[in-house]
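If you're wondering where the values come from, they're calculated on a predicted model, not measured in any experiment.
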Amino acid sequence: MPELPEVETVRQGLRKLVLNKRIEKIVLLYPKIVIGDSSLFKNTLEGLTIKEIGRRGKYLLFNFTEGITMVSHLRMEGKYFVRNSDDEIEKHTHVIFKFTDKKELRYNDVRKFGRMELVRTDDVFNLKSLKKLGPEPIASDFSTLDFATKLKKKNKMIKPALLDQTLVAGLGNIYVDEVLWMSKINPQTIASHLKEEQIKTLHDAIILELAKAVSAGGTTIRSYTNAFENSGAFQFELNVYGKTGELCARCHTPIKKIVVAQRGTHFCPNCQKVE
DNA sequence: AACGGTGTTGGATT
DNA sequence: TAATCCAACACCGT
């Protein structure tokens with residue numbers, strides 16, 4: 001499911017739903033979702049209150065009282081929603097955060113790939129997974145110059161380079177295909193071969209596209225919903241992802257799908273020529 | 001009905 | 001060090 005726009009939309013919904021709620025009890029139906037000692041996870045969180053919910057890249061950061069943070073990654077299909085404590089437990093619910101007001105936050109994940117982990121709030125950005133993240137894709141953090149310098153050193157195709165989160169945080173398979181189409185860059189172009197002008201275009205497309213997707217509440221392909229269980233609307237703005245065989249909006253050439261770095265990759269063979 | 005593909009990440013391998 | 005491959009899991013469409 002979720003790339004940066006979806007995670008951000010989930011974050012905004014969760015803030016409205018669970019901020020300042022106190023956890024009375026944690027129920028772990030599938031403890032493997034938790035990284036580290038699951039009893040410690042449970043014992044630590046019981047009694048704490050959710051004070052803020054942040055985001056870094058595709059990671060949600062739940063800040064609790066007592067200087068504790070839960071780092072949560074939804075991976076492919078993780079989702080959070082709120083239920084009453086007497087509502088039936090759905091099939092793929094794995095973690096339940098029961099609040100003192102008889103509401104509960106439930107973590108649901110069909111594929112069980114998502115993970116959550118407790119760390120001291122002061123140590124969050126020392127986590128290996130967060131430490132490696134590149135800048136947030138907003139103009140104030142994401143410098144064109146720095147992006148260009150790093151790309152010139154990458155002896156790797158641009159698509160996997162953008163997916164690995166170190167050049168810029170938050171892009172996944174959908175938005176990478178979209179921003180490359182926007183920038184007329186072939187996904188198999190070696191990053192170091194990109195021209196100055198293309199890098200600038202790509203940089204700006206990343207910022208703009210992700211901002212637009214956040215405004216639209218993210219992209220729902222099959223299962224993504226936000227914390228209120230609403231779908232996003234950005235799927236209607238996509239130009240290449242899932243459009244195999246449909247005509248390119250710019251030049252009317254059929255969109256092609258290939259595999260690049262083990263990921264399905266959609267592009268226009270006419271607009272996005274290899275450099 | 002079996003098989004390949006699915007929005008992600010990180011550990012193993014080279 | 002860095003690039004590449006693949007497992008973790010369940011479901012869906014062909």
Side-chain angles (χ1 to χ4, degrees), chain A residues 1-11 29-36 55-60 71-80 90-95 107-117 127-134 137 150-180 187-193 209-210 213-214 216-226 231-245 256-266:
Chain A
M1 135 177 139
E3 306 178 31
L4 184 149
E6 293 75 37
V7 177
E8 176 59 20
T9 304
V10 169
R11 183 190 77 84
L29 298 167
Y30 184 76
K32 279 184 70 179
I33 295 289
V34 172
I35 296 175
R55 180 192 57 73
R56 177 75 172 95
K58 305 176 195 172
Y59 293 84
L60 284 169
V71 178
S72 170
H73 198 297
L74 306 171
R75 294 285 183 96
M76 296 288 266
E77 303 204 50
K79 50 178 76 174
Y80 284 101
E90 285 94 336
K91 187 172 181 184
H92 299 293
T93 295
H94 307 309
V95 183
Y107 177 73
N108 198 279
D109 189 340
V110 169
R111 296 178 69 183
K112 301 178 174 166
F113 285 176
R115 290 293 178 265
M116 45 188 85
E117 170 174 24
L127 276 183
K128 200 163 54 167
S129 50
L130 294 197
K131 215 171 188 170
K132 68 163 236 185
L133 295 179
K150 287 175 178 163
L151 281 174
K152 281 176 197 149
K153 286 190 248 180
K154 284 264 176 208
N155 187 26
K156 184 179 180 176
M157 292 180 286
I158 185 63
K159 169 145 182 175
L162 291 175
L163 284 175
D164 96 356
Q165 308 300 303
T166 61
L167 293 169
V168 57
L171 291 167
N173 208 36
I174 296 175
Y175 296 108
V176 165
D177 283 3
E178 293 299 316
V179 297
L180 290 175
Q188 298 191 96
T189 307
I190 300 299
S192 57
H193 295 180
E209 192 74 354
L210 292 179
V214 170
T219 299
T220 298
I221 300 296
R222 10 174 242 282
S223 66
Y224 164 74
T225 55
N226 65 19
S231 293
F234 200 72
Q235 59 277 17
F236 305 117
E237 315 293 324
L238 298 178
N239 287 290
V240 284
Y241 186 88
K243 304 283 182 192
T244 314
K256 222 172 137 181
K257 183 180 179 189
I258 59 174
V259 175
V260 176
Q262 297 102 237
R263 311 299 303 277
T265 297
H266 314 73

Base, sugar-phosphate or nothing for [X]? Non-hydrogen atoms, less than 4.0 Å.
X      : answer
A/Y30  : sugar-phosphate
A/N155 : sugar-phosphate
A/Y175 : nothing
A/G264 : sugar-phosphate
A/Q262 : base

[X] [atom1] - [N] [atom2] separation (whole Å):
X      : N     : atom1 : atom2 : result
A/L163 : B/dG7 : CG    : P     : 10 Å
A/D109 : B/dT9 : CG    : P     : 13 Å
A/D177 : B/dT8 : CG    : P     : 10 Å
A/I258 : B/dG5 : CD1   : P     : 14 Å
A/Y59  : B/dT9 : OH    : C1'   : 7 Å
A/K32  : B/dT9 : NZ    : C1'   : 14 Å
A/Y224 : B/dT8 : OH    : P     : 14 Å
A/R111 : B/dT6 : CZ    : C1'   : 5 Å

Between [N] and [M], how many Å separate the two [atom1] atoms, rounded to a whole number?
N     : M      : atom1 : result
B/dG7 : C/dA3  : P     : 22 Å
B/dT9 : C/dC11 : P     : 23 Å
C/dC5 : B/dG5  : P     : 15 Å
B/dC3 : C/dA7  : P     : 16 Å
B/dA1 : C/dC9  : P     : 26 Å

Indicate whether OP1 or OP2 belonging to [N] is found under 4.0 Å from a side-chain N or O atom of [X].
X      : N     : value
A/R263 : B/dT8 : yes
A/K257 : B/dT6 : yes
A/K58  : B/dT9 : yes

Report task. Indicate the ring-plane relationship of A/H94 and A/Y30, choosing parallel, tilted or perpendicular according to the 30° and 60° boundaries. Result ->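 Because their plane-to-plane angle lies in the 30° to 60° range, the rings of A/H94 and A/Y30 count as tilted.
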
Query raised in the report: Does some side-chain heavy atom of A/R115 sit less than 4.5 Å from a side-chain heavy atom of A/I33?
Result: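 A/I33 vs A/R115: side chains touch.
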
Query - For C/dA10, the Watson-Crick or wobble counterpart (both distances under 3.5 Å) - result: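 Base-paired to B/dT6.
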
Report task. Between A/F113 and A/K128, just flag the one whose closest nucleotide in DNA chain B comes earlier from the 5' side. Result ->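 Here A/F113 is the residue nearer the 5' end.
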
Query raised in the report: For A/F113, which residues count as a ring pair (Phe, Tyr, Trp, His ring centres under 6.0 Å) partner, sequence neighbours excluded?
Result: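 Once residues adjacent in sequence are excluded, A/F113 has no partner under the ring pair (Phe, Tyr, Trp, His ring centres under 6.0 Å) criterion.
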
Does a donor on one side chain and an acceptor on the other come within less than 3.5 Å for [X] and [Y]?
X      : Y      : answer
A/S192 : A/N155 : no
A/K159 : A/T265 : yes
A/T219 : A/Q235 : no
A/Y175 : A/E6   : yes

Query - Atom pair CD1/CG of A/I35 and A/L127 - distance to nearest 0.5 Å - result: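 That separation rounds to 8.5 Å.
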
Query raised in the report: Earliest and latest nucleotide of DNA chain C, 5' to 3', sitting under 4.0 Å from a non-hydrogen atom of chain A?
Result: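 On DNA chain C, the outermost contacted nucleotides are C/dA3 to C/dC11.
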
Query raised in the report: Is any N or O donor-acceptor pair between the side chain of A/R222 and the base of B/dG7 shorter than 3.5 Å?
Result: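 Answer yes: a donor N or O sits under 3.5 Å from an acceptor.
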
Query raised in the report: Is a side-chain N or O of A/D177 found less than 3.5 angstrom from the main chain of A/V240, in a donor-acceptor match?
Result: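 Judged by distance alone, no pair lies under 3.5 Å.
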
